[in-house]
Amino acid sequence: MNLILIGPPGAGKGTQAKQIESTHGIVQLSTGDMLRAAVKAGTEVGKRAELIMKKGELVPDEVVIGIISDRIDQPDCHHGFILDGFPRTLPQAAALDDMLRAKSKKLDVVIELKVDPKLLVERIVGRYTCAKCGEGYHDVFKKPEKSGVCDVCSSTEFARRPDDNAETMNTRLMAYYRDTSPLIGYYFCKGNLRTVDGMVAIDQVERAIEKHLVEARG
Ligand code: ADP
Ligand code: ADP
Ligand code: ZN
């Protein structure tokens, strides 16, 4: 099963992708995570993306299209994948259609996580992750069971993204509503859009998504 999670920054795409990954055995492909890894490793792509990401703007289409096309060819994607943060523009969506056709793959469902913009800032400024295993947390909504210790790997080191601040948030939201939100109409017209209320608790969102996945799998 191949699917897209679409929604504004902070909507819960990463959180839900991790869940789907473990229940369905398909891989999460997050262009944000891949770009952050490239920045950390100091690759050519990383050097090109670093400042753009810090400002909250979008990395050029050809960069992310290339990354995703290579990644989809990896053997762990054969059972299926969850696109998290890609496509983000209409040209990226068109490129995805072309690449899937060329690879004889198809998109089963597009899940939109709908969240009110005024909730997103709170989600973003409270977000942090385990520095060792990447598990996601939130200052208010998803605290580790034991304060300061990762539930998954027991690490005591955590990290916050440099772009997760109230100032950059505005640029990122603007980019979402300007460049990414037209994709909602695009996938609606193609017939595979399913919309989920992303403002309820994490496990309720999980259950709503699961219903659509079961339906899409047939
Ligand atoms: P969030 O989950 O908060 O929306 P991401 O981790 O998906 O953030 O993305 C972080 C940043 O990486 C974006 O603000 C953008 O600069 C860049 N980025 C990620 N995916 C894409 C993409 N598909 N196209 C262009 N830029 C991207
Ligand atoms: P995205 O990948 O769409 O940018 P994340 O999955 O990283 O979003 O979620 C952003 C922050 O909000 C994280 O700290 C996460 O723990 C928290 N979060 C995710 N979903 C919910 C939810 N349904 N209710 C409350 N907090 C949530
Ligand atoms: Zn951990």
Side-chain angles (χ1 to χ4, degrees), residues 4-20 28-39 45-46 48-68 82-93 95-96 111-115 119-144 148-165 168-169 171-176 179-180 183 196-209:
I4 297 177
L5 286 181
I6 190 165
K13 302 179 296 295
T15 303
Q16 297 300 331
K18 287 255 153 44
Q19 190 56 40
I20 301 168
Q28 172 193 18
L29 305 184
S30 157
T31 39
D33 286 349
M34 293 175 203
L35 290 167
R36 280 184 288 279
V39 169
V45 164
R48 246 182 114 178
E50 187 168 15
L51 191 62
I52 299 174
M53 292 172 75
K54 202 169 255 168
K55 286 196 282 191
E57 290 164 4
L58 294 181
V59 172
D61 288 336
E62 75 269 15
V63 174
V64 284
I65 291 166
I67 294 179
I68 282 291
I82 308 148
L83 293 171
D84 159 12
F86 180 91
R88 250 177 160 96
T89 63
L90 285 169
Q92 289 180 25
L96 176 66
I111 307 266
E112 177 199 5
L113 289 177
K114 217 175 163 70
V115 178
L119 261 186
L120 297 171
V121 179
E122 194 184 9
R123 291 246 184 117
I124 290 286
V125 298
R127 165 161 68 184
Y128 63 100
T129 52
C130 170
K132 200 171 157 201
C133 74
E135 179 69 6
Y137 294 100
H138 192 278
D139 291 326
V140 179
F141 306 124
K142 192 184 169 218
K143 300 179 190 174
V149 182
C150 175
D151 295 341
V152 176
C153 75
S154 301
S155 166
T156 53
E157 285 183 37
F158 297 89
R160 284 179 198 262
R161 280 168 45 178
D163 58 339
D164 274 352
N165 54 68
T168 307
M169 188 64 205
T171 312
R172 289 163 64 195
L173 270 183
M174 206 70 105
Y176 178 79
D179 300 317
T180 310
L183 299 191
V196 163
D197 178 5
M199 299 202 275
V200 294
I202 293 174
D203 58 331
Q204 283 174 271
V205 180
E206 225 173 273
R207 284 197 291 276
I209 292 177

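Counting starts at 1 for both ligands and their atoms, following the listed order. Please read all numbers here as calculations on a predicted model, not as lab measurements. Only heavy atoms go into these numbers, but all of them, side chains included; no hydrogens, no water, no symmetry mates.
- Of the polar atoms of Ile124, none of the N or O atoms is found under 3.5 Å from an N or O of ligand 2, judged by distance alone.
- Listed by number with element, the atoms of ligand 1 under 4.0 angstrom from any heavy atom of Thr31 are 19 (C), 20 (N), 21 (C), 23 (N).
- Heavy-atom separations between Arg36 and ligand 1 include at least one value shorter than 4.0 Å.
- Against a heavy-atom cut-off of under 4.0 Å, Arg172 is close to the following atoms of ligand 1: 1 (P), 3 (O), 8 (O).
- If you number the atoms of ligand 1 from 1 as listed, the ones under 4.0 Å from a heavy atom of Gln92 come out as 22 (C), 23 (N), 24 (N), 25 (C).
- For atom 20 (N) of ligand 2, the closest non-hydrogen atom on the protein side is Ile202 CG1, 3.6 Å.
- Side-chain atoms of Thr168 and Asp163 include no donor-acceptor pair closer than 3.5 Å.
- At least one heavy atom of Val200 sits less than 4.0 Å from an atom of ligand 2.
- Using a 4.0 Å cutoff on heavy atoms, Arg127 counts as a contact of ligand 1.
- Heavy atoms of Val59 found under 4.0 angstrom from ligand 1 belong to the backbone as well as the side chain.
- For atom 24 (N) of ligand 2, the closest heavy atom belonging to the protein is Arg123 NH2, 3.4 Å.
- Among Arg88, Met53, Met169, Lys13, the residue whose heavy atom lies nearest to atom 5 (P) of ligand 1 is Arg88.
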